[in-house]
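None of the values given here were measured: they were computed from a predicted structure. Letters A, B, ... are given to chains in the order of the sequence lines, protein chains preceding strands, and every chain is numbered from 1.
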Number of protein chains: 2
Amino acid sequence: MKNFKAHILIVDDDDRIRDLVKEYLNQNNYLVSTARDSNDAFEKTKVIKFDLIVLDIMMPGKTGLEFTQDYKKKIDTPILLLTAKGEPSERIEGLEVGADDYLTKPFEPKELILRINNILNKTKSLEIKRVIEFGNIKIDLKKLFIFKDDQRLKINSTEKLILEKMLNSPGKIFKREEIAGLIDLDKERSIDVIVTRLRKKIEETPKSPKYLQTIRGEGYVLWIE
Amino acid sequence: MKNFKAHILIVDDDDRIRDLVKEYLNQNNYLVSTARDSNDAFEKTKVIKFDLIVLDIMMPGKTGLEFTQDYKKKIDTPILLLTAKGEPSERIEGLEVGADDYLTKPFEPKELILRINNILNKTKSLEIKRVIEFGNIKIDLKKLFIFKDDQRLKINSTEKLILEKMLNSPGKIFKREEIAGLIDLDKERSIDVIVTRLRKKIEETPKSPKYLQTIRGEGYVLWIE
DNA sequence: GTATCATTTGATTTATTTTTTAAAAAAATA
DNA sequence: TATTTTTTTAAAAAATAAATCAAATGATAC
């Protein structure tokens with residue numbers, strides 16, 4: 001619960017703003033991905049289930065409004081629009097196409113955080129929905145299930161701790177001791193056994209894992225997407 | 001639920017604005033009461049449970065911010081603040097003291113309605129259906145019967161409370177304490193026994209439950225499909 | 001006041017999870 | 001290719017949590 005981060009997608013064509021916002025959100029304990037336009041954003045949302053999308057209205061290609069309108073028809077990830085002008089008409093339009101909130105540029109970073117927390121709190125009934133999707137796997141850390149194809153597999157408490165940790169830092173190599181510390185296991189082979197068990201649940205072919213891989217002599221790493 | 005109107009309290013010291021907003025909200029099928037200052041508002045909230053309070057920040061006496069801060073400590077009726085200035089600092093302050101949203105004056109009436117709907121949609125407690133069917137089970141919480149195959153089984157009051165709660169959030173894991181708190185049971189085996197009893201009623205094979213499942217170390221979850 | 005139904009409780013059984021073991025497989029190294 | 005090291009995995013054993021049962025107690029209705 002403690003160390004799960006909400007995953008936010010920032011979509012803006014201005015590199016400077018994107019990096020600034022990313023940096024700031026990182027500092028505030030969010031996991032951040034970025035996209036430079038609607039197409040890019042759309043590709044990313046196919047792979048990852050974000051908790052929130054922050055979207056600039058003015059973008060080359062499909063605008064933020066258009067993206068919102070299309071996207072919201074299919075998925076209801078909350079969307080926060082960034083509008084350049086403070087005009088009511090544009091704000092209204094944003095809400096009408098389905099955005100959950102908007103923020104007028106320029107804004108203070110602090111206000112962005114407040115808005116984001118506000119949305120996340122409301123839309124997830126005070127809890128972040130902890131659902132991660134990659135490949136044909138869906139992991140729901142709240143409901144403690146892994147959906148693979150059409151199976152629903154239970155996640156037990158040890159598995160949850162490990163997944164939580166690894167999902168929070170995809171691509172990071174976790175040494176055995178690190179995983180062991182997490183769950184108070186230090187018995188040599190125990191970790192291996194849990195990893196095997198997890199692989200059976202999240203991998204299509206557990207013998208040659210795609211996501212939860214071994215780094216020989218180092219530990220394990222979880223690759224999503 | 002068709003003819004239920006949300007009851008909104010408008011708090012503003014400007015008669016003109018109060019009446020305008022009231023008129024507009026009336027047209028949009030809201031039930032509206034008004035108050036001219038924080039004291040007045042506070043008195044009214046003692047008597048009526050509003051669905052939403054729309055509050056001007058600038059008021060003689062206690063300001064909207066102060067009202068919000070005090071009020072939110074006790075009751076969590078949603079509050080929408082009206083700010084005269086568009087300055088980020090004031091907007092931030094509003095959210096920090098607990099307001100659910102703010103709107104910068106001047107605003108278009110239409111935008112107010114959107115904002116209000118937005119808040120109400122998010123906060124309104126979903127009214128649960130009184131008759132739920134899933135699999136070959138039908139649960140009638142009004143008549144207090146469970147129909148399984150061609151049996152008609154009684155639901156007692158404890159069972160009703162639990163079913164009501166769980167049916168309202170299918171897929172959510174309820175911790176034992178949560179269930180216990182609901183019905184003031186906290187004795188060691190009591191929950192288990194009730195769960196066993198419920199399973200006998202709603203499950204085809206109570207020993208390997210399909211709907212009312214155990215999440216070891218966590219609690220219970222009800223899956224309906 | 002008795003009958004009926006609901007709840008509590010401890011003892012016991014059952015089920016699930018975790019750890020250990022050990023052998024096989026895979027990878028690295030000589 | 002042979003040897004060593006590390007990882008994988010199945011299966012057994014141990015630990016822990018939950019389910020069940022039955023008897024006792026309590027509550028409510030008639």
Quick one: Lys160(B) NZ to dA6(C) P, roughly how many Å, whole number?
15 Å
Which part of the nucleic acid, if any, lies within contact of Asp192(B), taking any heavy atom under 4.0 Å across all strands shown: a base, the sugar-phosphate backbone alone, or nothing?
base
Value in whole Å for how far the C1' atom of dT17(C) lies from CD1 of Ile191(A)
15 Å
Mapping Val193(A) and Lys154(B) onto DNA chain C by nearest heavy atom, which one lands closer to the 5' end?
Lys154(B)
Could you summarise the pairing of DNA chain C as dot-bracket text, marking Watson-Crick and G-U pairs under 3.5 Å with ( ) or [ ] inside the strand and | across strands?
||||||||||||||||||||||||||||||
Closest listed nucleotide, where the reference is the side chain of Thr214(B) and the choices are dA6(C), dA19(D), dT17(C):
dA19(D)
What does Val195(B) touch in the nucleic acid at a heavy-atom separation under 4.0 angstrom: a base, only the sugar-phosphate, or nothing?
nothing
Any chance you could list the contact pattern along nucleotides 22-30 of chain C? Use B for base contacts, S for sugar-phosphate-only contacts and - for none, protein heavy atoms under 4.0 Å, 5' to 3'.
B---BBS--
The nucleotide from dA19(D), dT8(C), dT9(D) with an atom nearest the side chain of Thr196(A) is dT9(D)
Holding to side-chain hydrogen bond (donor to acceptor under 3.5 Å, both in side chains), I want the full list of residues that pass it with Thr34(A), two or more places apart in sequence or in another chain.
none
Donor-acceptor pairs under 3.5 Å, side chain of residues 207-219 of chain B to any protein atom, not counting sequence neighbours: which ones?
from: Gln213(B); atom 1: NE2; to: Pro209(B); atom 2: O; distance (Å): 3.4
from: Gln213(B); atom 1: NE2; to: Lys210(B); atom 2: O; distance (Å): 3.4
from: Thr214(B); atom 1: OG1; to: Arg199(B); atom 2: NH2; distance (Å): 2.8

Test salt bridge (Lys or Arg N to Asp or Glu O under 4.0 Å) applied to Glu43(B) - qualifying residues, sequence neighbours left out
Lys46(B)
Using heavy-atom distances to pick each residue's nearest nucleotide on DNA chain C, tell me which of Glu159(B) and Ile155(A) is more 5'.
Glu159(B)
Using the side-chain heavy atoms of Lys207(B), tell me which of these nucleotides is nearest: dT20(D), dT20(C), dT7(C).
dT20(D)
Tell me what Arg199(B) touches on the nucleic acid: a base, only sugar-phosphate, or nothing, going by heavy atoms under 4.0 Å.
sugar-phosphate
Determine, for Asp15(A) against Arg18(A), whether the closest basic-nitrogen to carboxylate-oxygen distance falls under 4.0 angstrom.
yes
Distance-only donor-acceptor hits, side chain of residues 149-156 of chain B, under 3.5 Å, sequence neighbours excluded:
from: Asp149(B); atom 1: OD1; to: Asn136(B); atom 2: ND2; distance (Å): 2.7
from: Asn156(B); atom 1: OD1; to: Thr158(B); atom 2: N; distance (Å): 3.0
from: Asn156(B); atom 1: OD1; to: Glu159(B); atom 2: N; distance (Å): 3.0

